[in-house]
Amino acid sequence: MTAEPAEETYRNPVLNADWSDPDVVCVGDDFYLTASSFGRAPGLPLLHSRDLVNWTLVGHALERLEPAAEFASPRHDRGVWAPSLRHHDERFWIFWGDPDQGIFQINAPAVRGPWTRPHLVKEGKGLIDPCPLWDEESGEAYLVHAWARSRAGVKNWLTGHRMHPDGTSLMDEGKVIVDGDRIPGWFTLEGPKLHRHDGWFWILAPAGGVETGWQGAFRSRGFFGPYEEKVVLEQGDTDVNGPHQGGWVRTPSGEDWFLHFQQRGAYGRVVHLQPMRWDGADGWPVLGDHGTPVVVHRRPALPPQQAARPATDDDFPGGRFGRQWQWTANPQAGWATQHSGDGLRLACVRSAGAHDLRTVPNVLTQRLPGTPVAVEVDLRLHSEEPGARAGLAVLGDAYGWIGLQRGADESVHLVHRFAEPVADRERDAGPPCPAPEGRARLRIEIGAGARCRFSYDVGAGPRASGPVFAATPWRWVGALLGLFALAPAGSGHAGAATFAHFRITP
């Protein structure tokens, strides 16, 4: 499509980081979005926009994952999968699937809470991607979900239930309402979003796999089917692989838009905004540019907003960290200490897994930006414990970090380490060097292809360290930036580390 003047257009992706499996709702003049958070805490991020293009992070709906003991250690690709966000009966509702436990639900009178504790609506293995519908025409309530073969032994099905209107329980055993195995060429049908429109029940759902698939639409006059299907968004000759699951939203003026994700390797699942309309001839939705994703497009007809994006920088006032940070497991008291000054004070938590950051729960993380950036932070190590360490990491199936470590000879050294995907222990990526004042300015330049160059300054000027490290994703999760402080297993307090002036710049 022909690009319009910049002030009248937007460019995809509108959220250029790993906001996986997005769903969106409009309430009044406000738009809210949530996304998968897997095993990180707090979970279920809540984003706000007034124009569908500029988004800010306003909080999280899930303080801790439950049952808490299951998430006391990292479970990077488990936990909260593919939530659905809805507004019904003056309340916000989020349903999600935990592939190992079942379908959960929480709700709140306002997006900032207070949110209820997770309620298990349907127990079982492999139940994923649930979406509720309260049918205003009939007063009935419904739920649809998909299946994970890794737990249930089946996939490519969408199962429907009648649901109690209070959202607490299901009223039948469920029925397969769309069998993807019966549709020629369709496979890995998942991520359903359920709607009522123009007298039809609609299910918008992707198929064909995260990196190579398409967006489908299904419609039926009755909830339990039969449904007819149509491909409504596919890659075509664009660079937008997938394009994968997302949510339809209607603006107050009656425009329709669709937010979906694109898998981008170490950057995770970035979010695109597609125009959407309903074909007057056959009644099917038309997404993007006649069924292929747009890169640049006219902005939604909404009041103009100032440019905004979810926060990344942090000065940690009073020792508090911003909403953009999540732990790699349910947090414990004492990991971070509030105080009267600025700077994040992390305790050097004793851990038998200090040699492998992927196993450590007390890593404070945020998403890797989807564009080339430089990440910097000041670090000071306040520990006398031999082996105590703290640093800045790029964390994924493989990881690299740079930071400070107290040696057996009581000196502090700048160290740079990495671990391969199959390794159970990290190795030096460069020779250690003295950090006589126990402080350093750490820097990672992340270029095209998420290729990372590490450097540091311990008082003698910037120095490069080690070879280029290519960031990698987890199984379903993009790479993460992380701050940590650790000490070898043992007893007693092991000191702390202070991080300050965290910055991400182009």
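All values below were derived from every heavy atom in this structure, side-chain atoms included, with hydrogens, water molecules and symmetry-related copies excluded. Since this is a predicted model, take the numbers as computed values, not measurements.
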Exercise: identify the closest heavy-atom pair between Ala205 and Glu190: CB-O, 3.3 Å
Smallest separation among heavy atoms of Asp23 and Pro83, with atom names: CB-O, 3.6 Å
Pairwise side-chain contact, Phe95 with Leu143, heavy-atom cut-off 4.5 Å (strictly under): yes
Parallel, tilted or perpendicular: ring planes of His197 versus Trp248, cut at 30 and 60 degrees: perpendicular
Note, Phe454 side chain near Ile444 side chain (heavy atom, < 4.5 Å): yes
Arg219 atom CZ, neighbour heavy-atom count above 12 within 6.0 Å: yes
Trp55 ring center within less than 6.0 Å of Trp19 ring center: no
By side-chain hydrogen bond (donor to acceptor under 3.5 Å, both in side chains) - contacts of Arg250 (at least two apart): Asp256
Min side-chain heavy-atom separation Asp313-Ile504 under 4.5 Å: yes
Proximity of Phe469 and Phe418 rings by center, below 6.0 Å: no
Considering all heavy atoms, the nearest Ala494-Glu385 contact: O-CB, 4.0 Å
His244 and Gln263: side chain donor to acceptor below 3.5 Å: no
Pair Glu426-Trp401, side-chain donor/acceptor within less than 3.5 Å: yes
Heavy-atom closest contact (Gly265 atom, Pro473 atom, distance): O-CB, 3.6 Å
Parallel, tilted or perpendicular: rings of Trp81 and Trp476 (30°, 60°): perpendicular
Which residues share a ring pair (Phe, Tyr, Trp, His ring centres under 6.0 Å) with Tyr267, sequence neighbours left out: none
Plane angle bin for Phe502 and Trp325 - parallel if under 30°, tilted between 30 and 60°, otherwise perpendicular: perpendicular
Verdict with supporting geometry, Lys155 and Asp181, salt bridge (Lys or Arg N to Asp or Glu O under 4.0 Å): CA-CA 9 Å; Lys155 67 172 185 178; Asp181 293 334; over 6 Å; no
Residues Thr359 and Asp356: side-chain donor-acceptor under 3.5 angstrom: no
Within 6.0 Å of CZ in Arg451, more than 12 heavy atoms from elsewhere: no
Salt-bridge criterion met for Asp397 and Arg475 (N-O under 4.0 Å): no
Ring geometry between Trp214 and Phe187 (parallel below 30°, tilted from 30 to 60°, perpendicular above 60°): perpendicular
Intermediate values then yes/no, side-chain contact (heavy atoms from CB on, under 4.5 Å), Tyr32 and Asp30: CA-CA 7 Å; Tyr32 300 100; Asp30 298 286; 3.6 Å; yes
Heavy-atom closest contact (His60 atom, Gly43 atom, distance): CB-O, 3.2 Å
Exercise: identify the closest heavy-atom pair between Asp18 and Gly478: OD2-N, 2.9 Å
Charged N-O contact under 4.0 Å between Glu70 and Arg78: no
His119 vs Thr168, side-chain contact (heavy atoms from CB on, under 4.5 Å): CA-CA, chis, key distance, verdict: CA-CA 7 Å; His119 173 78; Thr168 60; 3.7 Å; yes
Check: Trp327 and Val363 side chains under 4.5 Å, non-hydrogen atoms: no
Side chain proximity check, Glu376 to His501, heavy atoms < 4.5 angstrom: no
Aromatic Phe201 / basic Arg196 pairing, under 6.0 angstrom, 45° off normal: yes
From CA spacing to verdict: side-chain contact (heavy atoms from CB on, under 4.5 Å), Leu133, Trp202: CA-CA 10 Å; Leu133 171 69; Trp202 291 91; over 6 Å; no
Heavy-atom neighbours of Glu63 CD exceed 12 at 6.0 Å: no
Electrostatic pair Glu384-Arg406, nearest N-O below 4.0 angstrom: yes
Any side-chain heavy-atom pair of Pro45 and Ser37 under 4.5 Å: yes
pair Arg75-Asp100: side-chain heavy atoms closer than 4.5 Å: yes
Approximate separation, where rounding is to 0.5 Å, of His339 NE2 and Thr498 OG1: 6.0 Å
Ring geometry between Trp474 and His76 (parallel below 30°, tilted from 30 to 60°, perpendicular above 60°): parallel
Enclosure of Trp157 CH2 (heavy-atom neighbours >12, cutoff 6.0 Å): no
Leu480 vs Leu368, side-chain contact (heavy atoms from CB on, under 4.5 Å): CA-CA, chis, key distance, verdict: CA-CA 5 Å; Leu480 300 166; Leu368 188 75; over 6 Å; no
